Amino acid sequence: TNPASTEQFEVEEITIQLYPNPGSDSFTIAFSDPSSVKNITIYSSEGKKMKEIPTHQHSLNVNISGWAKGIYYIKVSGESFATTLKYLKQ
């Protein structure tokens with residue numbers, strides 16, 4: 001098994017960290033410039049919208065303990081960017 005890691009992505013002058021990934025009950029997503037982030041939307045691997053979270057916080061802890069194991073896609077949207085991160089729930 002691989003130890004949980006922190007994935008870091010850079011988009012339009014903002015750094016996004018997602019950890020732990022893979023994880024089980026919750027994950028944290030952190031932003032270098034929270035004022036540029038407007039919304040986080042989480043989708044299942046089948047494309048079903050699981051949760052939508054408006055945010056301007058530096059970091060956000062998301063509880064997913066009741067969700068099925070599998071791959072989820074986390075779309076991070078701002079005024080001038082949108083990117084999608086892949087998350088594995090074990």
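The model shown is predicted, which means the values in this text are computed figures rather than measured ones. The figures that follow rest on heavy atoms only: side chains count, while hydrogens, waters and symmetry mates do not.
A distance of 8.0 Å separates OG of Ser32 from NE2 of His58, quoted to the nearest 0.5 Å. The CD1 atom of Ile42 lies 9.5 Å from the OH atom of Tyr87; values are rounded to the nearest 0.5 Å. The line from CD1 of Ile16 to CG of Leu85 is 5.5 Å long, rounded to the nearest 0.5 Å. We find the CD1-CD1 distance between Ile29 and Ile74 to be 5.5 Å, quoted to the nearest 0.5 Å. Here CD of Glu52 is found 10.5 Å from CD1 of Ile40. Values are rounded to the nearest 0.5 Å. Atom CD1 of Ile14 sits about 4.5 Å away from atom CZ of Phe81, to the nearest 0.5 Å.
Residues Pro34 and Gln57 come closest through the heavy atom pair CB-O, 3.1 Å. When all heavy atoms are compared, the tightest approach of Asn21 to Lys86 is ND2-O, 2.9 Å. For the residue pair Lys75 and Ala82, the shortest heavy atom distance occurs at CE-CB, 4.1 Å. Across all their heavy atoms, Trp67 and Lys89 have their closest contact at O-CE, 3.0 Å. Nearest heavy-atom pair, Gln90 versus Ser24, reported as atom, atom and distance to 0.1 Å: O-CB, 3.7 Å. Nearest heavy atom pair, residue Asp33 against residue Ser35, reads OD1-OG, 2.7 Å.
Lys48 contributes no side-chain N or O that, together with a main-chain N or O of Ser45, makes up a donor-acceptor pair within less than 3.5 Å. Formation of a donor-acceptor pair under 3.5 Å by the His56 side chain with backbone atoms of Val37 is found in this model.
Note on Leu88: it does not cluster hydrophobically with Tyr19, by side-chain heavy-atom contacts below 4.5 Å among ILVMFWY residues. Tyr73 and Phe31 end up in different hydrophobic clusters when Ile, Leu, Val, Met, Phe, Trp and Tyr side chains are linked at under 4.5 Å. Criterion: ILVMFWY side-chain heavy atoms under 4.5 Å apart, direct or through other members. Under it, Phe27 and Leu60 are part of a common hydrophobic cluster.
In this structure Ser59 satisfies the side chain to side chain contact (heavy atoms under 4.5 Å, CB included) test together with Thr28, Ala30, sequence neighbours excluded.
Proximity of Tyr72 to Val62: side-chain heavy atoms (C-beta onward) are nowhere separated by under 4.5 Å.
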